[in-house]
Amino acid sequence: MPRKSRPEKITAGLTDAQREAVCYGEGPLLVVAGAGSGKTRVITHRIAYLLEQGVLADGVIAVTFTNKAADEMRRRVEALVGEEVHVSTFHSFCARLLRREIFRLGRDPSFTIYDRADSVRVIRRIVKDLELDTSTFAPGTIMAYIGVRKDRVEGAEECRKTALGVVDRTFAEVYGRYEEKLTESNALDFDDLLLKTLELFSLCPEVLQQRQERYLHVLVDEYQDTNLPQHLIARALQGKHRNITAVGDPDQMIYSWRGARMENLMEFEEDFPGTHVVTLERNYRSSGNILRTASACIRNNVFRRPKELRTERDDGAAIVVARFADSYAEGQWVAEQAGELVEDGLSLTDIAVFYRTKLQSAPVEEAFGLLALPHQVVDSVGFYDRREVKDLRAYLQLLVNPRDNESLLRIINTPRRGIGNRTVAKLQAAAEARRQSLLEAVRDAQQLEGLSSRAQGALAGFLKLYRELSELDAGKVAALVKQVLKRTQYVERHPPDQQADVQEVVDVFLGIVRQYDRRHPEGGLMGFLEQAALVSDVDGWNAQASAVPFMTLHSAKGLEFDAVFIVGLEEGVLPHRRALEDNVYGSEDPALEEERRLFYVGMTRARHRLFITHARKRTVRGREEEALPSRFLDELPEEGVERLPGEEPAGAGGSAGGFAREMEYVLKRKRVSLRILEGAGDRLAKGVRVSHPHYGEGEIIESSSLGTRHVIRVNFIEHGTVTLLLPAEDVGPA
DNA sequence: TAAACCGTTGTTTTT
DNA sequence: CAACGGTTTA
């Protein structure tokens, strides 16, 4: 096949280090790429280069972190060499593979993908069935437990065998039941997509072998954020040809709560003997001031391989740090500054606003609204979580997978059609007894005793509706959604004052569906549902739309903008309070270091201008609370950073030091009672053993008094070292 | 069965 | 301040 040969186009403009990575030949390759060092460029150009070298497009698999990044990479490769390569996320790659092959594991290919909320609902029902105490066995806690286990590739059986104690054994028990429920419903959760793929590879070597033959090259972006199952999948795929390219930056690892393992990157050379390593330390994105500031901050991380990024760019404008009375004043200032940047010639899409949590978007949105500055909150996941969208998806899902009990439970009485809790409970009992799905139980409901004729009628009506819907031609998803809406009177059956809101959500959903129909004429209903299940927030961001994007720091990874605003640099927000809970001292704390990396990711997104803001007061759950400046602000250098009036420079007056701040934080959060187990003399002296309602037992390793209060460091048996600050009256004898 | 009410609870980040 | 679960009442 004749190919337009353009090697000069592919390697032109690359630096030596970039070219070394792009043109590397056979064998494992690790590209440690600092922020802004052209990492995406290296991957796309490497793929293009490989194709130029004669590798068939079909023999390349590239994995990115989001679908949007995948689309972008595919587009860029196509622009370079005119060929379409396979780029996807781990999850969608696995989903597609499993649709083809999961029958080998005795499962049906029309499986439903459950999101976290679906999973929690399943667990909630199990916890109820088992009559467990819902505070010890909170569904969310159990879900987190299962998630951690799955990230470690540990099955329910394994957990049951290794469980220590009653609580742990119960967790494992629920895990086992959860797996059963999902199997009954023919559903997979996010983690299962990865785990079932691994299971398939080990139980059906012929499938793995076929994939290994096919993939001459495997390329994985953002390797620092891969978890163990993903690492194993990448490893499996490259098994025959041993051509794996991993690209990543340990300083940007921000998903440890989802099982991401920095070790996958750090120990890459041991896992793949003979690895060639290319390090990219030159930054082509950010001004000198921005890069120096970000570097100064990240340098405070202890668990880190030192790396010094250098930029060729000018120092540029100073970074602006500003403090405001509250988050509304903060938002207003951000909007005003953004407006000025636009007047100076920046376009709206060159500007971005980042925050730690989605809750923070509201005040900034409001301010942008007041100034009539177009903006868009990047939050597709939030949209798909809307009740209306989940309802409609459940209707569609049940058509694809009639065994999906979770979807059936969601819609059997939505809108209300007279099928109440008691009727549903009877259906569940019948389904369990006859080993049927709930829909089958509905079908056979006339044989059920103890159902009122009213309930019978309602069930018959639902069954009729289901049958009518399933007979419709599923060619266009939008047409199907419209039929669901029409036949259920979905919008009309809401209270009149809600109908406008519901209609709006429905219309946006219909827009998404139509767009899917247009782009994937052959995709079908199952394809749509799969895509909907695997969206990330940024996937829904329209980068073309002329509006300032607002997004979380997590979503910002991999993007860049001329001007960046990071809001809410406050203790408890960034770093987030959850990260401060276990360890408040020093920087040996992994959770705190991840928060710092998050800040680092945010700062390094900026090309020319960086604005960092915080507020004195923040409204948390309806209550206004004092907010302290983030400790990360103290870590910024003085040079190249302009602190606006009202904003004190680091350490000014000697009162804003780290210790005092930590104290105040602890004072607020950690005032709890402590029991002394043994030890005489000074009640809170070193060596005294204590018991804490949350942390359990431990031994005091450091103690001092602060006025009427005590500051102690305790080494807890199960939780490690924790610093506590407590008033004397909060301490009681054993 | 469904609406209305009340109390509890939690509360980051997202494939 | 939500959202959710459970209870009571029509």
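To find a chain, count down the sequence lines: A is the first, B the second, and so on, and within it residues start at 1.
- A close approach under 4.0 Å does not occur between any side-chain nitrogen or oxygen of Ser555(A) and OP1 or OP2 of dT13(B).
- With sequence neighbours left out, the ring pair (Phe, Tyr, Trp, His ring centres under 6.0 Å) criterion links Phe65(A) to Tyr255(A).
- Residues of residues 221-229 of chain A that place a heavy atom closer than 4.0 Å to DNA chain B do not occur.
- Heavy atoms of Val535(A) sit under 4.0 angstrom from primed sugar atoms or phosphate atoms, though from no base atom.
- Residues passing the ring pair (Phe, Tyr, Trp, His ring centres under 6.0 Å) test with Tyr328(A): none are found, sequence neighbours excluded.
- Near DNA chain C, meaning a heavy atom under 4.0 Å away, there are no residues from residues 89-97 of chain A.
- Counting to the nearest Å, the C1' atom of dT13(B) and the CG atom of Leu598(A) are 7 Å from each other.
- Along DNA chain B, the nucleotide nearest to Arg422(A) and the one nearest to Arg258(A) differ in position, and the one closer to the 5' end is contacted by Arg422(A).
- When rounded to the nearest whole Å, the span between CZ of Arg577(A) and P of dT12(B) equals 9 Å.
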List every contact pair, protein side and nucleotides 3-10 of chain B side both N or O, where the distance is under 3.5 Å.
unit_1: dA3(B); atom_1: OP2; unit_2: Arg416(A); atom_2: NH1; d: 2.5

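- Considering only residues two or more places apart in sequence or on other chains, Thr89(A) meets the side-chain hydrogen bond (donor to acceptor under 3.5 Å, both in side chains) condition with Ser92(A).
- Annotation: ring pair (Phe, Tyr, Trp, His ring centres under 6.0 Å) contacts of Tyr145(A) (sequence neighbours excluded): Phe171(A).
- Every stem involving DNA chain B, taken as at least 3 paired positions in a row under the Watson-Crick or G-U wobble test at 3.5 Å, is listed here: B:1-10 with C:1-10.
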Pull out every protein N or O sitting under 3.5 Å from an N or O of nucleotides 6-10 of chain C, one pair per line with the distance.
unit_1: dG6(C); atom_1: OP2; unit_2: Lys128(A); atom_2: NZ; d: 3.2

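- Residue Arg124(A) places at least one side-chain N or O under 4.0 Å from the OP1 or OP2 atom of dG5(C).
- Within the 4.0 Å cut-off from OP1 or OP2 of dA2(B), not a single side-chain nitrogen or oxygen of Asn421(A) is found.
- The side-chain hydrogen bond (donor to acceptor under 3.5 Å, both in side chains) test applied to Arg125(A) returns Glu406(A), not counting sequence neighbours.
- Stacking is found between Trp257(A) and the pyrimidine-like six-membered ring of the dT13(B) base under the 5.5 Å centre-distance and 30° plane-angle cut-offs.
- Under the rule for a side-chain hydrogen bond (donor to acceptor under 3.5 Å, both in side chains), the partners of Asp391(A) that lie at least two apart in sequence or sit in another chain are Arg410(A), Tyr490(A).
- When the ring pair (Phe, Tyr, Trp, His ring centres under 6.0 Å) test is applied to Phe550(A), the partners found at least two apart in sequence or on another chain are Phe368(A), His375(A).
- Nearest to the side-chain atoms of Arg454(A) among the listed nucleotides dT1(B), dT13(B), dA2(B) stands dT1(B).
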